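No experiment lies behind these values; they were computed from the predicted model shown. Side chains are part of it too, since the values below use all heavy atoms of this structure and drop only hydrogens, waters and symmetry mates.
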Amino acid sequence: MMKHTRAKILALCASAGLCAAMLAGCGAGNADSENATSATGTEVSTQVETEATKESTEPETAEAATGTTPEESQEAAGIFVEPIEGISDDFIRGMDASSVLVEEKSGVKYYNFEGKEQDVFQTLAEGGINYIRLRVWNDPYDENGNGYGGGNNDVPTAVALGKRATEYGMKVCIDFHYSDFWADPKRQHAPKAWEGMGIDEKCDALYEFTKESLTEILDAGVDVGMVQVGNEINNGMSGEKNLENVTALLHAGCRAVREVSEQYGKDIQIAIHYTRITDKAQVDSLVANLQESNVDYDAIGLSYYPFWDGSMENMKRVVELLQERYGIEVFIAETSYCYTSEDGDGSGNSLVGIDDLVEGYPATVQGQANMIRDVFAAANEAGATGVFYWEGVWLPVGEPTADNSPIWEEYGSGWASSFASDYDPEDAGLYYGGCSWDNQAFFDFDGYPLESLNVFRYLKTGAAAPLAIDAVPGVNVICPVGSAVELPEMVDVIYNDRSANKQSAVTWDETQLAAIDTTVGGIYEVTGTLESGETVVGQVEIKMDNLVRNPSFEDADTSMWKVTYEGETNPTDYQEKTDDAHSGDIAFHFWSEDSDMDFSIEQEFTDLEPGTYKLFAYAQGGDVSDDASMELYAVTGDGEQTEPFMVTTYNDWKNPMIPEIKVTDGKLIIGVRMKCNPKSWGTVDDFTLNRIGD
C-alpha cells in the first residue's frame with residue numbers, strides 16, 4: 001500500500017471540530033465554501049493538565065466526566081481507552097512491520113517504554129500485538145544489486161523479520177505482492193523474471209515462487225499463520241488485468257499454499273486482499289467471482305484507511321455483506337492514522353494532517369489511539385476476525401532539514417529509491433524519496449514508543465488516564481469580499497476522555513482582526529484565547545467571487561462548457577466519482593483505450609467587468625507519456641495566455657494558474673486543452689476565475 005493524498009477542501013474546522021456552530025459568521029454554510037483551499041490550521045494539544053485547566057474545565061476527573069468510576073479492570077495509563085465489549089483474546093491485533101530491517105541498517109534505533117534500546121518486536125508484543133504482517137517482493141533489486149527501497153522486502157528479509165516476530169510469540173502473515181515492488185490498485189507490475197510469459201507459464205512461475213518462498217520461511221522457524229495471495233488486487237495482479245487470468249493466478253497461489261501447509265502439518269489461512277471499499281459493488285463482484293470460480297481460500301482482507309476509504313459504517317456494511325453473502329471470514333488488512341502533522345524526514349507525508357484529518361480525531365497521540373480503538377470496535381461489531389495496522393514502525397531516517405537521500409538510496413529506507421525508476425517509471429521514477437508514513441507510526445521520530453501503542457493491549461479492558469485537554473481544533477471561517485468578519489464565540493475542546501468534550505468561550509485578538517482587509521482576497525490568521533488560557537488559531541479567508549459557471553461540474557446542466565476533440569470518439573465525460581474529484585463528486589474525466597487524445601474544454605464570457613482577473617484549475621491523472629501537452633489557457637481580445645502543466649499520478653493534484661488577465665471589452669474564454677497518449681487518464685476540476693483589480 002502506498003498512496004498520495006490530496007488535501008480535502010474544508011470550510012468547517014480545519015482539524016476535526018465537533019459541531020456546526022464553529023462555522024460562525026460570514027460565508028458559513030455557503031456551498032461555494034467547498035471550493036476554497038484551506039491553508040494550514042493549528043491544533044493545541046497537551047497531555048498535562050494545567051492549574052488553569054483544572055479551574056475552568058468541569059468535570060475535573062474521569063469519574064465526574066462519565067458519572068461512574070473506572071472499572072477495576074482498567075489500567076491507569078497515559079491514554080484513555082474505552083473497552084470494546086465482546087472482543088475476543090484471539091482477535092487479530094496485527095501490525096505490518098516490513099520496514100524494520102532497512103530502518104535499523106539506516107541507523108534507526110527502537111526503544112521500550114523505559115527508554116532502553118530494545119528489539120522492536122518485543123516492544124510490539126508488550127504493547128499487545130499478536131500478529132505481524134510482512135510484505136514479500138520477488139526481486140526488489142536492479143541488475144547491479146541496488147535495492148528499490150520501501151524495505152527491499154525480499155524473501156530473506158521476511159525470514160529475518162519473521163524469526164524475530166516468532167521469538168516474541170507473534171504469528172506472521174506473509175503478504176505476497178507477486179511483483180518486484182509495490183502492488184496496489186494503480187500498479188500491478190509483473191516481476192522482471194516473468195515479463196513476456198503467457199498466462200499458463202506465469203501461473204507455473206507464481207506457483208513455484210510461492211511454494212519455494214513459503215518453504216524457505218517455514219524452514220527458518222517462522223510461525224506463519226496466514227498467507228496473502230496478492231496485495232490490493234482490485235484491478236489486476238502481476239501484470240494481468242483480465243479477471244480470468246487473475247483468477248488463474250489466484251488458483252496457482254492458493255494451491256501452492258495448501259500443499260505447503262499440508263506438508264508441514266500447519267493450519268495456514270489463505271487470504272485474498274481488496275481495497276477501495278467505497279465501491280461496494282466492485283468488491284462484491286470480485287468476491288463473487290472467487291466463489292463462482294471455486295478459488296480455494298479462507299478469508300478476505302480489506303484495506304480501510306478512514307481518511308481515504310469512507311465511513312466506519314460503510315466499512316462495517318461491507319464486512320457484514322461479504323460474510324453473510326459468501327460465508328467467509330473477513331478482516332481489515334490495512335489501516336492507520338497519524339499522531340502528528342509534522343514531517344520527520346523532509347520527504348512529505350501521505351496523510352498531511354489538518355485538512356486530511358477525520359472529524360473528531362485530532363493529530364495527537366490520543367487521537368491516533370481513539371481512531372485505532374474505534375476501527376477495531378467497528379470491525380469487531382461487524383464480525384471481522386481482526387485488524388492489521390500498516391507500518392507502525394516506519395520512522396524517519398535523518399533530520400527533516402537534511403539531505404537524507406544517500407541513506408535512503410543505500411539501505412532502501414525511503415518509500416522508493418532512484419534504482420526503482422526503470423521498473424516503476426510512473427511513480428518511483430518521478431517521486432522516489434523518504435518515508436511518507438513517519439507521522440503515522442507508533443514511535444516518535446527518535447524511536448521511543450508512543451502511549452498509543454498500548455491501545456492494542458487495552459482494547460478489552462480499557463484504560464483510564466487523568467482527564468486532560470487533548471486538542472483545541474483550529475477554526476476556519478470564509479467571508480465574501482466586502483463582508484464583515486465574524487468568528488465564533490464558542491469553540492470545541494477535545495479531551496482524552498471524549499465523554500468530557502465541551503465548548504469553551506474564546507476571546508479573539510482584536511489587533512489581528514482589525515488588520516484583516518476585507519476588500520480583497522486573502523488568508524489571515526487570528527489567535528484566540530480560551531477561558532482556561534489555552535490558545536486556538538482561527539483562519540479567515542476573504543473569498544473572492546468565482547465567476548465560472550458550474551465550476552466543479554456538480555450541476556447536471558453543463559451547457560456552459562464547450563468540449564471539442566479530434567477523432568471519431570470523445571475521450572471525455574463528466575464522471576461521478578468522489579475519489580477522482582478535487583471537490584464534490586463530479587469531475588471532467590478523460591481516458592482512451594487505443595487512441596491518442598486531443599481535446600479541450602472551455603467556457604466563454606461576454607459581459608465581464610473590465611479589470612484584471614486570475615484563473616486557476618486543478619488536474620490529476622497518470623500514465624502520461626513525455627511528449628504529452630497540457631495547458632490552462634485564457635483568450636482575450638489582446639491574445640492568448642497559457643500555463644503548461646503535467647499530471648503525474650493519482651491524487652497528485654496540479655494547480656496551474658494564470659495570475660493576471662487583462663479584460664477590456666468584457667470578453668474572455670478560459671479552458672484547458674490536452675494532447676496525450678492512449679491509456680493516459682485523469683480529471684480536471686474546480687475552475688476558478690476571480691476579479692482581482694481594475
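- Partner of V260 under the side-chain contact (heavy atoms from CB on, under 4.5 Å) criterion, chosen from V227, V224, L214: L214.
- Other residues, nucleotides and ligands contribute over 12 non-hydrogen atoms within 6.0 Å of the NZ atom of K266.
- Listed by chain and number, the residues in a side-chain contact (heavy atoms from CB on, under 4.5 Å) with D422 amount to none (sequence neighbours excluded).
- In D267, the CG atom is not crowded: 12 or fewer heavy atoms of neighbouring residues, nucleotides or ligands sit closer than 6.0 Å.
- The local environment of NZ in K192 is crowded, with over 12 non-hydrogen atoms from other residues, nucleotides or ligands closer than 6.0 Å.
- Under the side-chain contact (heavy atoms from CB on, under 4.5 Å) rule, V387 has a single partner from L302, N380, T335, which is T335.
- The ring pair (Phe, Tyr, Trp, His ring centres under 6.0 Å) test applied to F209 returns F176, not counting sequence neighbours.
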From CA spacing to verdict: ring pair (Phe, Tyr, Trp, His ring centres under 6.0 Å), F443, Y110: CA-CA 8 Å; F443 295 78; Y110 296 95; 5.5 Å; yes

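- Screening residues 112-133 for ring-ring contact (aromatic ring centres under 6.0 Å, His included) gives Y131-F388 as the qualifying pairs, with residues at least two apart or on separate chains.
- Side-chain N or O atoms of N404 include one that pairs as donor or acceptor with a backbone N or O of D345 at under 3.5 Å.
- Among pairs with a residue in residues 282-296, those fulfilling salt bridge (charged side-chain N to carboxylate O under 4.0 Å, His left out) read R258-D296, D284-R325, at least two apart in sequence or across chains.
- By the 30° and 60° cut-offs, the orientation of the rings of W415 relative to F181 is parallel.
- Tested against N370 for a side-chain contact (heavy atoms from CB on, under 4.5 Å), the candidates R373, Q368, Q366 yield a single pass: Q366.
- Residues passing the ring pair (Phe, Tyr, Trp, His ring centres under 6.0 Å) test with Y389 are F442, sequence neighbours excluded.
- Screening Y423, F419, Y432 for a ring pair (Phe, Tyr, Trp, His ring centres under 6.0 Å) with Y148, the sole residue that qualifies is Y423.
- For F91, the ring pair (Phe, Tyr, Trp, His ring centres under 6.0 Å) partners are F376, not counting sequence neighbours.
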